[in-house]
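As structure tokens, the structure follows; a few thoughts come after it.
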Amino acid sequence: MNRNFEEIAAGTLAEALDKLKAAGGVPDDFEPKIVIERPKNPDFGDFGCALPMLMCKATRTAPAICGRNLMDKIQAPPGIFDEISFAPPGYINFRVSPTAWFEGLQAVCDIPDVGHGQKVLLEFVSANPTGPLHAGHARGAVLGDIVARLMKVAGYEVETEYLLNDVGNQMAMLGLSIFYRGRQALGLASEVDFPENGYRGDYIREIAARFVSGQEGRDFCAASYPEGAGRDDNPAVRFAAGLLTEEIRKTLDCLAIRFDHWFSERSLHDSGRVAFLVNRLLESGAAYRTDDGAILFSMEGDEDGEDRVVVRGNGVPTYFAADIAYHDEKARRGYDRLINIWGADHHGYIPRVRAAMGALGHSPSMLDVILVQMVTLTRNGEVVPMGKRLGRFVTLQDLVDEVGADAVRFIYIMRRADAQMEFDLELAKQKTMDNPVYYVQYGHARVASIVRKATGMGYQVPSFSPDLLSSLTLPEELALVKDLCRFPGIVAQSAANCEPHHVCFFLMELCKGFHSYYTKYKSSERVVSDDRDKTLARLYLVSRIKSVLGYGLGLLGVTAPEEMRCEGTDVES
RNA sequence: GCGCCUGUGGCUCAAUGGAUAGAGCAUCGGACUUCGGAUCCGACGGUUGGGGGUUCGAGUCCCUCCAGGCGCGCCA
């Protein structure tokens, strides 16, 4: 039984309002949106609504009068609210009975269905396989993975996808870089031959060395680099991209991120889909050919949008062309909604993708783009330069190895996506013990420890029974019960809005409440005591906290340890 | 020049248009005979970048200015 107190309160108010309308006290066309909120000050109650304020204008009476009138008509369903009261200047407040709250504990990990089976494709990371993932990719990767996890439990049918940009100039440059490093390894070229814009990372040398250790690689590097269509599709490119893709996959795996689909951009070219759709755009007039033979997509409907090149003058389609085909493909696969997570530097790209979808008969509004702002990586306060071509960057793998997957995930997801953030490597390592993720994990381990202790003494965690409540008389215990009951709503809302940071903050607050309760009563009212009834009741509460912490951490993809040991610290013994 | 994002205590960040703007870190002062001190309690700290506007009510919405970041390619 999942009781939604907000809905009940809203329904109660709506009924009272209807009665006032019927009595002629309120105009019939007054249809306010009844918003139930949680007052910051607990003295006001558990839920509140500013409906009397909204009624003022429609009725042309003071909010206090509106409130009184409303109060006269309110008939709440029995057994839920202990108190419903008017509070100046114009609020109606509801206090839920402890019994009703306590019953909510049974459903504390049942997330309400807000997705209603909506089919969603979530695309993220999608970095070029021209090098390892770097620290800058972490944010989008973690956000995408956690949004997917949240949406799944909130009733969405989510699939995740990584688009491999395995076509184009950057792939050609990858092949060329491998080619020259291979020639160097074979003694056929010197450093001065290396292309100016080539990828200079050490990983290129390593891959090239492996490439020329085989006969095909040696033959390839001994010949001249292919021109034309072979520039970005040849043995060197395929060899390097294959290895790099595998490395990307492994790094993501270390971060507990696994994709449902890996989609190859090349497949859209090979199948002729790109060319087919460009033709369709030409036929429909959405695109046109210029004098020099290029094909441009018309952004006419867009306010200040310039027309965008789809096919170059030399006949080679642009990335935009492939992306048009890709989004068409995604739309045709039967999803209700497409969500892309892009770096903020791609924001200018959104209108043209939407426009192209519209031109192909899809609804542009089915595409949502979550922009993640840049992360400045610093070490001891100094900005770490990032750039694949220079080969000087902190790889995501390094980051995970240094800081740990749990901390990386938690730190990146704590912030709203649309705010820039700074991530200092040394700080993240030095302050490991102050890291919020450890605070929550410690809370889980501590709760687990209590359950362990109790079961070691022969207790069993009881299942729900209303009788247990009579032993939970401390105000902090009721506060914990209320907090726990907030969890399903927090998850559902975070999923619906793609804002997972709320889950982090909730878990930290829950831990704080528990730690505080624990410390305050550790010498008087312990969980495990001589009083059997109290012990069982508190054991039930504690086990619910453990469930929520464990479930919540699981949604964040962070481990929930049963125990934590102090290791590597200089604690005096 | 145009566009997108951001501006909240010393620092990092919260706050579905609602009641007294909240946490953590840092600083200072406290708390352990028994379930994990990786904890807890308290203090200090704010004109929510400035100015207008909408509203019964604005950190939140609109306008404008200032500051920072990112875009504006026949790169991907």
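Residue numbers start from 1 in every chain, and the chains themselves are labelled A, B, ... in the order their sequence lines are given, proteins ahead of strands. This one's a predicted model, so the numbers in the text were calculated from it and none came from an experiment.
Donor-acceptor pairing under 3.5 Å, judged by distance alone, is absent between the side chain of Asn435(A) and the base of rA38(B). Side chain His346(A) to base rG71(B): no donor-acceptor pair is found below 3.5 Å. In this model, a side-chain donor or acceptor of Gln170(A) finds a partner on the base of rC75(B) within 3.5 Å. No hydrogens or angles were tested; on distance alone, a donor-acceptor pair under 3.5 Å links the side chain of Gln420(A) to the base of rG68(B). For rC74(B), its base never sits under 3.5 Å from the side chain of Asn314(A) at any donor and acceptor pair.
The distance between the ring centers of Tyr412(A) and Phe423(A) falls below 6.0 angstrom.
A salt bridge links Glu476(A) and Lys520(A); the closest N-O separation between the charged side-chain nitrogens and carboxylate oxygens is under 4.0 Å. Here Glu306(A) does not pair with Arg352(A) in a salt bridge; the nearest charged N to carboxylate O distance is not below 4.0 Å.
Between Lys522(A) and rU33(B) there is no side-chain polar atom (N or O) within less than 4.0 angstrom of OP1 or OP2. Side-chain N/O atoms of Ser529(A) include none lying less than 4.0 angstrom from OP1 or OP2 on rC35(B). At the phosphate of rC74(B), neither OP1 nor OP2 sits under 4.0 Å from any side-chain N or O atom of Arg308(A). At least one side-chain nitrogen or oxygen of His502(A) sits closer than 4.0 Å to the OP1 or OP2 atom of rA15(B). Regarding contacts with the backbone of rA76(B), a side-chain N or O of Arg312(A) is found under 4.0 angstrom from either OP1 or OP2. Applying the 4.0 Å criterion to OP1 and OP2 of rC56(B), one finds that Lys57(A) has a side-chain N or O inside that range. One finds no side-chain N or O of His515(A) lying less than 4.0 angstrom from the OP1 or OP2 phosphate oxygen of rA38(B). Phosphate proximity of rG36(B) to Ser449(A): present, with a side-chain N or O under 4.0 Å from OP1 or OP2.
The partner of rC13(B) is rG22(B), by the rule that a Watson-Crick or G-U pair needs both atom distances under 3.5 Å. When both distances must be under 3.5 Å, the Watson-Crick or G-U wobble mate of rU55(B) does not exist. As the counterpart of rC70(B), rG3(B) is assigned, both hydrogen-bonding distances of the Watson-Crick or G-U wobble pattern falling under 3.5 Å.
Put simply, CZ on Arg416(A) is 6 Å from P on rU6(B), counting in whole angstrom units. One can place CD of Glu306(A) at 17 Å from P of rG71(B), the figure rounded to the nearest angstrom. Rounding to whole angstrom units, OH of residue Tyr439(A) and C1' of rC25(B) are separated by 13 Å. Across the protein-nucleic acid pair, Met53(A) atom CE and rU55(B) atom P stand 16 Å apart, rounded to whole Å. A straight line from OH of Tyr319(A) to P of rA76(B) spans 9 Å, rounded to a whole angstrom. The distance between atom CZ of Arg38(A) and atom P of rU16(B), rounded to the nearest whole Å, is 13 Å.
Not a single donor-acceptor pair under 3.5 Å links the side chain of Asp232(A) to the backbone N or O of Asn169(A). The backbone N or O of Lys534(A) lies less than 3.5 Å from a partner atom in the side chain of Asp531(A), making a donor-acceptor pair.
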(request) Show your working on ring-ring contact (aromatic ring centres under 6.0 Å, His included) between Phe44(A) and Tyr91(A) and close with a plain yes or no. (result) CA-CA 9 Å; Phe44(A) 291 133; Tyr91(A) 297 92; 7.2 Å; no

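In this structure, Met508(A) reaches neither bases nor backbone, as no heavy-atom distance under 4.0 Å exists between it and the strands shown.
Minimum atom distance to the side chain of Arg452(A) is reached by rG36(B), of the listed rC35(B), rA19(B), rG36(B). Picking from rU39(B), rA76(B), rC5(B) the nucleotide with the shortest atom distance to the side chain of Asp418(A) gives rC5(B). Taking the side chain of His347(A) as heavy atoms from C-beta on, and the options rA19(B), rG18(B), rC70(B), the nearest nucleotide is rC70(B). Checked against rC70(B), rG36(B), rA14(B), the side chain of Tyr442(A) finds its nearest nucleotide in rG36(B). Nearest nucleotide to the Arg526(A) side chain, out of rU34(B), rA14(B), rG36(B): rU34(B).
Heavy-atom distances to RNA chain B give each of Ala294(A) and Glu499(A) a nearest nucleotide, and the one nearer the 5′ end belongs to Glu499(A). Checking Asn41(A) against Ser524(A), the closest nucleotide of RNA chain B that is more toward the 5' end is the one next to Asn41(A).
Centre separation under 5.5 Å together with a plane angle under 30° does not hold for the ring of Tyr91(A) and the six-membered base ring of rG18(B), so they are not marked as stacked. A stacking contact between Tyr438(A) and rA38(B) is absent: the pair does not combine a ring-centre distance of less than 5.5 Å to the base's six-membered ring with planes differing by less than 30°.
No more than 12 heavy atoms of other residues, nucleotides or ligands lie within 6.0 Å of CG in Asp530(A), so this atom counts as exposed by the packing criterion.
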